Number of protein chains: 2
Amino acid sequence: MPPIPELEVIRKAQILEAALKTISASGYANVTMDDICRAAGLSKGGLAHYYRSKNELFIAVFKEFFERIFQRSKQTMALYENPIDKLLSFDWLYDRNDPDVNVGYPVLFDCMSLAVREKEYRSLFHDWFENWVSLLKDAIDDGLKKGIFRNLDSESTARAISAVYQGIATRWYLDSASHPTEWAVESFKKAIKGLLLPNNI
Amino acid sequence: MPPIPELEVIRKAQILEAALKTISASGYANVTMDDICRAAGLSKGGLAHYYRSKNELFIAVFKEFFERIFQRSKQTMALYENPIDKLLSFDWLYDRNDPDVNVGYPVLFDCMSLAVREKEYRSLFHDWFENWVSLLKDAIDDGLKKGIFRNLDSESTARAISAVYQGIATRWYLDSASHPTEWAVESFKKAIKGLLLPNNI
DNA sequence: ACCGACCGACCGACTGGTCGATTTATAATC
DNA sequence: GATTATAAATCGACCAGTCGGTCGGTCGGT
């Protein structure tokens, strides 16, 4: 009998947290199970008790992380009323001091390179994209109803906006000296307004 | 004495080609030196004669590849006169039948995840970005001179356009079912025109 | 007594890099 | 032009180290 009924939930959370940090710091390819169990305060066998293989663990880590980011995006967006403000509410993605950002981008890039070849990771990405797009689409549909946007297809535009976010983020993260935060924020604002508004300023 | 004076050049090209294909097919993390020397038709020692370490070889592969893509971008762009056409001339990046594209994206994603942690790869990226941006900037400056663009900062806009290209490409490549080529081409056209033109259609 | 939780030594597979041996082709010498 | 010397080019067995996963065993609560 387990000493505490919720022990498995606690341990798994503790392992996922440790694994996320370790992967983010060292990179998927360099992380060993030893690193992770050390970070989680468990032995190799103890870790194996909860996640039978490296792949199983890593999938769980990525899933959990994407879910967290999605929830946060949702909550942040809900703080705004105006559709344009909603669509621009993701600027925390360009905040170098944000802990999710610091941990997130390294993991995201790792995950992308995995997704190229492993369909399990591709489907993870697909789900993430769809979640993100559905958030954006709702805001766009709202703006369309209120007549503040040009005539456009909301889903395809939502996909474009989400892609623009990520493209700018890639530059901003990998070559920060030439792509400062101000550039990132301004650029995505301009790009998004260029996509949505009936005429430019 | 070398049997043929240019042997080193020939061998290196042959190795880089084989390495690029192998890395693209299996992924940076999974490729072994054995795989590469087999693909290059050399022994382990033979490969070591030209590239002393895995890292040295891989850096060379990436450098060569980026250079090739840059040259091709330059040539393709030169086919057009109109600045807008020049800026839209990168649509071959969204062609699934293009050999450079098929080989390129897997390598690009690998390279990005490496760039997160290794400054050598980051500087590779930086150079690539700068090359790309300078191409775009020239076209934008031309458009500004001709008065067909709105008032804008050409360098910062060039960076934005290049980022948008890549962001859309990421979606298009990793989740093609939901992001077909038509979406990619249309989206980047709209985004770029939204960034540049004084008013939208 | 039983069982889940956990430990850590160990195994087998793999990998990057080394190194002495071998081949190959030119250059020097007679 | 035959022979020898020389140095690059190439080979592949081998080494040392790493890593994921296993497994027999311990411990503590029930």
Side-chain angles (χ1 to χ4, degrees), chain A residues 1-62 110-111 113-114 117-118 120-121, chain B residues 1-62 110-111 113-114 117-118 120-121:
Chain A
M1 294 290 111
I4 312 170
E6 331 82 46
L7 184 58
E8 182 170 345
V9 178
I10 295 174
R11 281 280 180 275
K12 284 199 169 183
Q14 159 189 355
I15 291 170
L16 290 181
E17 174 72 14
L20 179 66
K21 277 185 185 162
T22 314
I23 296 171
S24 174
S26 312
Y28 174 91
N30 305 314
V31 166
T32 70
M33 294 297 264
D34 271 328
D35 292 337
I36 293 175
C37 64
R38 218 174 302 134
L42 279 175
S43 72
K44 221 168 176 183
L47 178 57
H49 183 72
Y50 294 100
Y51 292 98
R52 268 170 302 181
S53 77
K54 192 179 182 179
N55 194 53
E56 185 183 327
L57 169 60
F58 279 29
I59 290 278
V61 169
F62 291 133
D110 271 345
C111 201
S113 72
L114 288 167
R117 292 168 195 96
E118 317 228 11
E120 211 165 357
Y121 286 91
Chain B
M1 294 289 111
I4 312 169
E6 330 83 47
L7 183 58
E8 183 170 345
V9 178
I10 295 173
R11 282 281 179 276
K12 284 199 168 184
Q14 159 189 355
I15 291 169
L16 289 181
E17 175 73 14
L20 179 66
K21 277 186 184 161
T22 314
I23 295 171
S24 174
S26 312
Y28 174 91
N30 305 315
V31 166
T32 70
M33 296 297 264
D34 270 327
D35 292 337
I36 293 175
C37 64
R38 218 173 302 134
L42 279 175
S43 71
K44 223 169 175 187
L47 178 57
H49 183 72
Y50 293 100
Y51 292 97
R52 268 171 303 180
S53 77
K54 192 179 182 180
N55 194 53
E56 184 183 327
L57 169 60
F58 279 30
I59 290 279
V61 169
F62 291 134
D110 271 345
C111 201
S113 72
L114 288 166
R117 290 166 196 97
E118 317 229 13
E120 210 165 356
Y121 286 92

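Predicted, not measured: the structure shown is a model, and the values here were computed from it. Residue numbering restarts at 1 for every chain, and letters A, B, ... go by the order of the sequence lines. Only this structure's heavy atoms are used, side chains among them; waters, hydrogens and symmetry mates stay out.
Taking atom CG of Leu47(B) as the reference point, atom C1' of dG12(D) lies 13 Å away to the nearest angstrom. Spacing between atom CD1 of Ile36(B) and atom C1' of dT15(C) amounts to 12 Å, rounded to whole angstrom units. Per the geometry, CZ belonging to Arg52(B) stands 16 Å off C1' belonging to dC19(C), to the nearest Å. Note: CZ (Arg38(A)) to P (dC7(C)) measures 14 Å, nearest angstrom. dA9(C) atom C1' lies 12 Å from atom CG of Asp34(A), rounded to whole Å. Here dC19(D) presents its P atom at 18 Å from CG of Asn55(A), a figure rounded to the nearest Å.
Here Glu17(A) contributes atom CD and Thr22(A) contributes atom OG1; the two are 9.5 Å apart, rounded to the nearest 0.5 Å. Ile59(A) contributes atom CD1, which lies 7.5 Å from atom CD of Glu118(A) (distance to the nearest 0.5 angstrom). In this structure, Ile36(B) CD1 and Met33(B) CE are separated by 6.0 Å, a value rounded to the nearest 0.5 Å. The structure places OG of Ser113(A) at 11.5 Å from OH of Tyr28(B), a figure rounded to the nearest 0.5 Å.
Counting any heavy atom pair closer than 4.0 Å across all strands shown, Lys54(B) reaches sugar-phosphate atoms only and no base atom. Residue contacts shown for Leu42(B) are limited to sugar-phosphate atoms, with no base heavy atom under 4.0 Å away. Nucleic acid contact class of Tyr51(B) (heavy atoms, under 4.0 Å, all strands): none.
Where DNA chain D pairs in unbroken runs of 3 or more (Watson-Crick or G-U, both distances under 3.5 Å), the stems are C:1-30 with D:1-30.
The closest side-chain heavy-atom distance from Arg11(B) to Leu42(B) is below 4.5 Å. Between Ser53(A) and Glu56(A) there is a side-chain heavy-atom pair separated by less than 4.5 Å.
Checking the phosphate oxygens (OP1, OP2) of dT10(D), a side-chain nitrogen or oxygen of Arg11(B) falls inside 4.0 Å. Within the 4.0 Å cut-off from OP1 or OP2 of dT10(D), not a single side-chain nitrogen or oxygen of His49(B) is found.
Near DNA chain D, meaning a heavy atom under 4.0 Å from it, residues 24-33 of chain A has Val31(A), Thr32(A), Met33(A) in order of number.
Between Asp110(A) and Arg117(B) there is a salt bridge, since at least one side-chain N of the basic residue sits less than 4.0 Å from a carboxylate O of the acidic one.
Within 6.0 Å of atom NZ in Lys12(B), more than 12 heavy atoms from other residues, nucleotides or ligands are found, so the atom counts as buried in its surroundings.
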Go through the steps to decide whether Phe58(A) and Tyr51(A) satisfy the test side-chain contact (heavy atoms from CB on, under 4.5 Å), and finish with yes or no.
CA-CA 9 Å; Phe58(A) 279 29; Tyr51(A) 292 98; over 6 Å; no

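Listed nucleotides dG21(D), dC6(C), dT10(D) differ in distance to Tyr50(A); the shortest reach to its side chain belongs to dC6(C). When each of dT10(D), dA9(C), dG17(C) is scored by its nearest atom to the side-chain atoms of Lys44(B), the top-ranked nucleotide is dG17(C).
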